[in-house]
Amino acid sequence: RAGPDESPRNTMTTQRKFRVGLIGCGKVAHLHAKALGSVEPAQFVSVCSRSQPKAEAFASQYGVTAYSDLQKMIDAESLEVLIICTPHPNHAEPALIAARAGVHVLVEKPLASTVKDCDAIMAAAAKTGVTVGTVSQRRYYLPCMRIHDAICAGKLGSPILGTATIFGWRDEAYYKSDPWRGSWTGEGGGVLVNQAPHQLDLLLWYMGEMEEVFGYWANLNHPYIEVEDTAVAVVRFKSGALGNIVVSNSQNPALNARVSVHGSNGASVSVQTDGGAMFIAGQSSILEAPYNDIWAVPGEEDNLPTWKQEDERLFASFDPTTHFHAMQIRDFLQAIDEDRQPLVTGEDGRRTVQLFAAIYQSNCERKPVKIN
């Protein structure tokens, strides 16, 4: 994984152009299509949907070619990179088709809705030598990178306690906005699968490999959906560190989402990744800039006010709904060009799926789940 001097910071220099296609034409696909317009090495050429009319409407908006058959799109367009924006349980099928065809794959979070699907994707990619990445654009937020850099620099000693929380809100209109939302077959889960992967990914990025997970989930105040709106869990990491997870879509109005890390030397750092109403792709903007809300590192305690002002000013200088997607796509293409791993790998995506799958399993079995 990238260290403090290796994290990509929008430093793409290659002149190579990659032929990029999208599959899925929903809300998040529009974010990727707009982001691709600012990624110099990306040549956005095509889009695929099971509905040809939907694909054509999307394609006409961005000046690309529409397809309803992925293999035909790969062959006809000599595709090099596929970005997958389908509903979560449908991530594996196009990823497998692309990987087997030698096409690099960047998958919207989560990598899949089951560990089995993740393993199939990674095995296919290993066989053909293609790169797999998982979208987790919050890693590129400067306050999030600042924490990772501090950990790598030993400013916390070693991480011994990590927490990830989401106190958000999703109303009935949100779940009715797409037919697949709120069901096990269509969405693959609830807050753990859809909203929490960003914070879970950050927690694992900071804390390292898991050893054991114990958790519960419940649907507390969304009777019109099948899946969970709330989940809690405790994680024991292989390092001996502990973690706590509390994620929920049941707080109206939404409050915030944050990830905190406490070190063996007593230092603590934290980032509020989301404030107020949670961002909904295609339906809302990001209302508050992310910021470090705790920074108890010896000698750096007074940096918070300056950092917050600088981070807010930077955040206001671009459209954050697409800027960080563009940063991740740019790093993914650079990784292919440089024959290295991207900042957020397929294996990173698998770990996040492994975490929320373990919480589901633990709730069912009422006991801790060992992580292999």
Side-chain angles (χ1 to χ4, degrees), residues 16-37 39-114 116-135 178-180 185-188 281-282 325-326 328-330 332-333 335-337 342 346 349:
R16 177 183 172 186
K17 288 281 188 180
F18 291 87
R19 295 180 64 80
V20 180
L22 280 175
I23 183 166
C25 295
K27 300 176 181 66
V28 77
H30 285 278
L31 295 185
H32 282 277
K34 292 172 183 175
L36 282 165
V39 178
E40 303 81 7
Q43 184 181 1
F44 182 25
V45 295
S46 57
V47 66
C48 182
S49 172
R50 287 177 294 184
S51 166
Q52 184 69 23
K54 192 172 182 179
E56 289 175 354
F58 191 101
S60 66
Q61 186 172 345
Y62 298 100
V64 298
T65 305
Y67 292 86
S68 58
D69 184 286
L70 177 57
Q71 189 64 58
K72 288 182 180 178
M73 181 173 83
I74 290 171
D75 295 339
E77 298 293 340
S78 300
L79 216 63
E80 296 173 275
V81 177
L82 179 69
I83 300 177
I84 297 176
C85 299
T86 55
H88 317 131
N90 301 331
H91 285 178
E93 182 180 359
L96 290 172
I97 292 171
R100 289 165 181 165
V103 175
H104 304 283
V105 181
L106 180 59
V107 188
E108 253 298 339
K109 58 81 186 166
L111 179 61
S113 57
T114 67
K116 181 180 179 180
D117 280 351
C118 291
D119 288 342
I121 294 169
M122 298 309 296
K127 191 170 184 179
T128 55
V130 301
T131 299
V132 176
T134 310
V135 175
D178 291 296
W180 52 269
T185 57
E187 192 167 5
H325 282 81
Q328 180 155 12
I329 295 169
R330 189 176 290 111
F332 185 73
L333 299 182
I336 298 168
D337 194 50

Handout entry: Heavy-atom pair with the smallest gap, counting every atom of Gly186 and Pro87
Key = O-CB, 3.7 Å
Problem - Residues Lys17 and Glu40 bridged, charged N to O under 4.0 Å - result: no
Handout entry: Salt-bridge criterion met for Glu80 and Arg16 (N-O under 4.0 Å)
Key = yes
Handout entry: Side chain proximity check, Pro110 to Thr134, heavy atoms < 4.5 angstrom
Key = no
Exercise for the section: Identify the heavy atoms of Asp117 and Ala112 that sit nearest to each other, and give their distance. Expected result: CB-CB, 3.6 Å
Practice task
Report yes if some heavy atom in the side chain of Ser68 is under 4.5 Å from a heavy atom in the side chain of Arg50; otherwise report no.
Solution key: no
Problem - side chain to side chain contact (heavy atoms under 4.5 Å, CB included) evaluation trace for Val105 with Ile121 - result: CA-CA 9 Å; Val105 181; Ile121 294 169; 5.6 Å; no
Exercise for the section: Fit a plane to each ring of Phe58 and Phe44, take the angle between them on a 0 to 90° scale, and name the class: parallel (under 30°), tilted (30 to 60°) or perpendicular (over 60°). Expected result: perpendicular
Exercise for the section: Flag the pair Val45 / Met73 as yes when at least one side-chain heavy-atom distance between them is below 4.5 Å, and no otherwise. Expected result: no
Completion exercise
Minimal heavy-atom distance between Ala59 and Thr65, with the atoms involved, is CB-C, 4.0 Å
Practice task
Locate the shortest heavy-atom distance separating Ala120 from Leu96; write the atom from each residue and the value.
Solution key: O-CD2, 3.3 Å
Fill in the blank from the handout: CG of Leu111 to CE of Met122, rounded to nearest 0.5 Å, is 7.0 Å
Practice task
First locate atom CD of Glu108, then atom CD1 of Ile23, and finally report the distance between them rounded to the nearest 0.5 Å.
Solution key: 14.0 Å
Problem - Any donor-acceptor pair under 3.5 Å from Thr131 side chain to Ile336 backbone - result: no
Completion exercise
The reported gap from OG1 in Thr114 to CG in Asp119 (rounded to nearest 0.5 angstrom) is 8.5 Å
Practice task
I would like to know whether Lys27 and Asp178 meet side chain to side chain contact (heavy atoms under 4.5 Å, CB included); could you show each step before the answer?
Solution key: CA-CA 10 Å; Lys27 300 176 181 66; Asp178 291 296; 2.7 Å; yes
Exercise for the section: Could you check whether the rings of Trp180 and His88 sit parallel, tilted or perpendicular, using 30° and 60° as the cut-offs? Expected result: perpendicular
Completion exercise
For Pro89 and Thr185 the tightest heavy-atom approach is CG-O, 3.4 Å
Problem - Separation of Arg19 CZ from Ile74 CD1 (nearest 0.5 Å) - result: 12.5 Å
Handout entry: Inter-residue atom distance His91.NE2 - Ser113.OG, 0.5 Å rounding
Key = 8.5 Å
Exercise for the section: Give a yes-or-no answer on whether the side chains of Tyr67 and Glu77 include a donor-acceptor pair shorter than 3.5 Å. Expected result: yes
Fill in the blank from the handout: Scanning both residues in full, the closest heavy-atom pair of Ala326 with Val39 reads O-CG2, 3.6 Å
Exercise for the section: Tell me whether the centres of the aromatic rings in Phe18 and His104 are closer together than 6.0 Å. Expected result: no
Problem - Distance (rounded to the nearest 0.5 Å) between Ile329 CD1 and Leu106 CG - result: 6.5 Å
Exercise for the section: Decide yes or no on side chain to side chain contact (heavy atoms under 4.5 Å, CB included) for Ile83 and Leu36, but give the supporting numbers first. Expected result: CA-CA 10 Å; Ile83 300 177; Leu36 282 165; 4.2 Å; yes
Practice task
For residues Leu22 and Val47, determine if any side-chain heavy atom of one lies less than 4.5 Å from a side-chain heavy atom of the other.
Solution key: yes
